Amino acid sequence: MAEIRYIDGLRQAIEREMERDTSVIVLGEDVAVGGPFGVTAGLVERFGDRRVINTPISEDSIMGMATGAAIAGRRPIIEIMFIDFVTLAMSQLVNHAAKLRYMSGGQLSVPLVIRLQQGAVGGWGAQHSQSLEAWFQHVPGLKMVAPSNASDALGLLRAAIRDNDPVLFLEHRGLYFRKDEIPDPGTVPSLSTAKIMTPGNDLTIVTYSKMVWEAVAAAAELAQRGISAEIIDLRSLSPLDMDTLVRSVQRTHHALVVHEAVVHGGLGAEISARIQETAFDWLDAPVYRLGAPFAPVPASPVLEDAFVPNAKLIVRCAEQMIGP
Amino acid sequence: MAEIRYIDGLRQAIEREMERDTSVIVLGEDVAVGGPFGVTAGLVERFGDRRVINTPISEDSIMGMATGAAIAGRRPIIEIMFIDFVTLAMSQLVNHAAKLRYMSGGQLSVPLVIRLQQGAVGGWGAQHSQSLEAWFQHVPGLKMVAPSNASDALGLLRAAIRDNDPVLFLEHRGLYFRKDEIPDPGTVPSLSTAKIMTPGNDLTIVTYSKMVWEAVAAAAELAQRGISAEIIDLRSLSPLDMDTLVRSVQRTHHALVVHEAVVHGGLGAEISARIQETAFDWLDAPVYRLGAPFAPVPASPVLEDAFVPNAKLIVRCAEQMIGP
Amino acid sequence: MSGRRNYEGVAENSDILHRDMLQRMWLIRSFEERVIDLCHRKQLAGLVHVGIGQEGVAVGVATAMGDDDYLYGTHRSHGHFLARGADPNGLMAELAGKDTGCCRGRGGSMHIVEVGRRLMSATGIVGGTIPLALGTALVAREEGNVVAVYFGDGASNTGSFHECLNMASLWKLPVVLVCENNGYAEFTPMSAHTVVSHVSVHGQPYDMASQIVDGNDTLAVLEAARNAVVRARDGGGPTIVECLTYRLRGHYVGDPESYRKADEVDEWRGKDPIRRFTSVLRDRGAVTARDVRRMEESARARVEDAVRFMQESPWPSSASVADFVYA
Amino acid sequence: MSGRRNYEGVAENSDILHRDMLQRMWLIRSFEERVIDLCHRKQLAGLVHVGIGQEGVAVGVATAMGDDDYLYGTHRSHGHFLARGADPNGLMAELAGKDTGCCRGRGGSMHIVEVGRRLMSATGIVGGTIPLALGTALVAREEGNVVAVYFGDGASNTGSFHECLNMASLWKLPVVLVCENNGYAEFTPMSAHTVVSHVSVHGQPYDMASQIVDGNDTLAVLEAARNAVVRARDGGGPTIVECLTYRLRGHYVGDPESYRKADEVDEWRGKDPIRRFTSVLRDRGAVTARDVRRMEESARARVEDAVRFMQESPWPSSASVADFVYA
Ligand SMILES: Cc1ncc(C[n+]2csc(CCOP(=O)(O)OP(=O)(O)O)c2C)c(N)n1
Ligand SMILES: Cc1ncc(C[n+]2csc(CCOP(=O)(O)OP(=O)(O)O)c2C)c(N)n1
Ligand SMILES: [Mg+2]
Ligand SMILES: [Mg+2]
């Protein structure tokens, strides 16, 4: 099996789907030269500027354009660069892309992929580091995935492109250059199943995106301390694969949700609420959540370190949950 | 004590604060003639067009302008008409208004009130009926209140205007013409305390805005069936008055959260998660949530009725929780 | 007056075409007057905006378009859609929230879609369909089709409109931007929402083709729209067609209209596009008074059919509330 | 070169003023060159954009402003702020994330604020400060002050820019809209992001005053900015001052610059505003070669002080991560 970088997984997914299906098009700022991270580099040379459309800085209108192309039969992939800028495109995303199928009584279909890059890495500050996924889980009509590795970056992006609904595709800047093995190029995974990364018996850690790797590190440390943690990589943030979560918690009786986003009102809240609704009698302790404090993302590296959860915190929290 | 309409409470709050403090200004679309519901009617005649600014349809920029006036010493009240349109102003709201104090290391202050009208009433359809409060609880730097009655409309709006941080003020269209008694005009309440509407022993129903009245009706029905429900009107959605909630749940051992927003990822998720984190050992049953199904708001009156939670559903859910 | 219109073989400015146009204007007028009536009787719910007085724009533009061209509306689009052959039954049922509505009752007045007629969508978000139209134009240009999209004077203040002017001109997209300049954005007169005298001047920085027409002169609208459609189809890019018009009724059904003078409304009532178009056709001998009476009657009858259809239609089932959210 | 500048009593185009301007240009240049160096050494983190080559705009505009006027920047605003007297120590410490930074390390390069000098804020959101500037102008017009705000050619494609043109002209706000047209939005040349030849043409629909200047001619910028400031202060409303310039370095520190040719950069290096302004002053006899050398040296020394200050400053405490969120 080959090893590729997360960023290459993304590029390969787009390339393969563009080859396979001429209705796939790409829109976004600076996509012609590949964007700030090079994900789309080379595409315009290969597929031409009618399929790879380098746009002005006009987020709401690009989102609307992609939607208007989707309902007329295209499969647009739109790149919003930093998720912080999706704040400029919320009206088109939420009022049109997410609702057109419903409002039209099923007449319209919106096969649209919205690529969003996020994460607090490198001290880029409060307007280039947010984790906003919690907003989108609350919007009916949208789907959302967040790959933690190159293999999922490749596979889930292909699945998202083939899906007939708008899919938010959350990429973590801090994972772009991570390398992982990729599977047989023929397989395209399901868009909405969680994955057990590390099996375990004492505690279920539910997480996604970059925090998966903090959890994996924590699990190794916890194992040494005699605590067997099961790590679930959600992969799909909307819908949630509750079956996998609940089955795990029914075995471990303990659940901890970890994400990089601010804890308050984050995805962890929904997961916690759902777990206790469906597995209340199996829980030996409350579902706990780890995430960022209630503050904008600070620029200072020292403060950023204090802001983002890490393996050490996970270990400490798990130990407190399981007890001595 | 006088009885006034919710809408009059809003107007009186603005009038009184504008009289009291010349730094209070109003901005918004059609505010000169009072907006679609007449809340700001008469203000421009009284305070002039330098303090009551009728804007073009430019939501993001109006939000930015209000923020720019706030950091230079004004106390703007901006009206966004329908909360659905705040999707157009998310960048200025989230990237600037909410973060400027933090990003400036405390140099800037953003005393700003954002009036948002919401609710699924009258079949206005998917783009004029959303409940989006869950998004804003997740944004550090913002506060949020949602009055359920005229007295709170008056009092909380005055408190919001005097507050030195950006406050989202959620008005429910379905309450605009409701009448309630108002207290002594001298008192301005705290911005962040919940209120026990109906005391009870068997079950805590946590709710806010228009759903308070469904809960009150449900409590009356439940009382007849021998179940004593305590209704908590949150009033402040961010921050949450967890003390009041937890104290109540520690007595009743049962909690039900009710809101008009879509259940999945709604405010109820955070409240449920927090209650079980802090009062796990006191809970006799999982915290349950009632809200809208995972769909856009339908226009058809029949579907809208099926969409919005009501007293009957609350009664049914409470009975199931408490058991026979 | 229903079914697909096809003007192949019909001369460009023939009596037969113009009579059909007048007939459609009557259909729209009758439909919307009945809608107001039904709202007052609480038989229709929702936030309803009618375009009475603006039928000349709707019909002029629709007539210039080919059957495979795409159309996008606004919050005030019953007329835009009916002009292009939308089924009055499905539309009326949609406004009532019935299961037989064109959007199965999910959409309502501001969110109508009839994809079979390439009526791609209306919107409750001011200016919201302009970018959708540009996106559809990416597809249309490969097909040789054109996309028309309506917007108002108020919408010209939204940032997205300007973003779209830039992109439409940058890529020479086959888009016809139809401005219904009725002088008001809700309750705010144009002079209070912009210093600009005409919306179409916004095209100038982009060297965008534009034309200002009397929107109550139905044939002038048709002519301007035809030029724009031809330009778009021939690869000449976008055009702003600014139609100066007026809404004779309130912003929404129920609007107390405190913000404008009765005089102003009266003046514009004198410029009623249906009356004007009728006299043009009568002067030319293309219609008789009797023809006109018949048109009005047949329009009203058609609308009564629609009302009956609506009234006899079933409600959507409550259990279906979350259908159509995903594929 | 630090502390509040006050040009009262200094003649409008005196040598003393111009020398001070040149000195500030050197300060900015030295500061940003050192910033690049520190980024490469990993002593500064973050996403850093420098304006090397654009100092003439920064200093020209700042010099035209009064001490009580307000300024808003962009993502590329070290120079804008230093030109107006921002403290280099606080700025350097801010870029490093130290507790002594002007924003206590919370902001970083794109979010600098120094409210004491009415440097109201920079932003990481392209075009994001334009509406903030309009809002501050509501206050400034009551005080007799003016607000200047920077934006780029790329920002002219954002809808909000156009919304603000409309509102600024509608209310005749005392705003100076300074466009740094450096021909690129990130990696996209202007010809690929708009059909418009000059950003200032966007003012035309609103009859907005505008002026296009050679942004590398510092005195031309000063002159244009002065006219705009006077117009704003006198109630004449907003002006677009479009400064044609070029960034000699990449879009951000670390940009591989694959999207432009070395030739183009070389050509513009020949138009370096510091060199040009220096020869103007030398030709006029306002500075000697020695003066210039001293200026450069003193600028570098000042920057080294700032670096030392930054290096010796403490980090913010981890426990304070959620301070300053609310009042
Ligand atoms: C983004 C947005 N802001 C505000 C509104 C409220 N609103 C509905 S119609 C309207 C005025 C629109 O004016 P115009 O574009 O001229 O269209 P007209 O109603 O005159 O046909 C406004 C402000 C809205 N629907 N969407
Ligand atoms: C709203 C938004 N969209 C995209 C970006 C990413 N971005 C940062 S700078 C930039 C280009 C800005 O170009 P211009 O306005 O000309 O300023 P310059 O960088 O040339 O100084 C872009 C697209 C952003 N920061 N904000
Ligand atoms: Mg109008
Ligand atoms: Mg630029």
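All chains are named by letter (A, B, ...) in the order of the sequence lines, taking the proteins before the strands, and each is independently numbered beginning at 1. In this text, all values refer to a predicted model and were calculated from it rather than measured experimentally.
- The distance from atom OG of Ser160(C) to atom NE2 of His162(D), rounded to the nearest 0.5 Å, is 11.0 Å.
- Of the atoms belonging to Asn166(D), it is side-chain heavy atoms, and not backbone ones, that fall under 4.5 Å from chain C.
- Scanning residues 181-205 of chain C against chain D with a 4.5 Å non-hydrogen threshold yields Ser191(C), Ala192(C), His193(C), Thr194(C), Val195(C), Val196(C), Val201(C), His202(C), Pro205(C), sorted by number.
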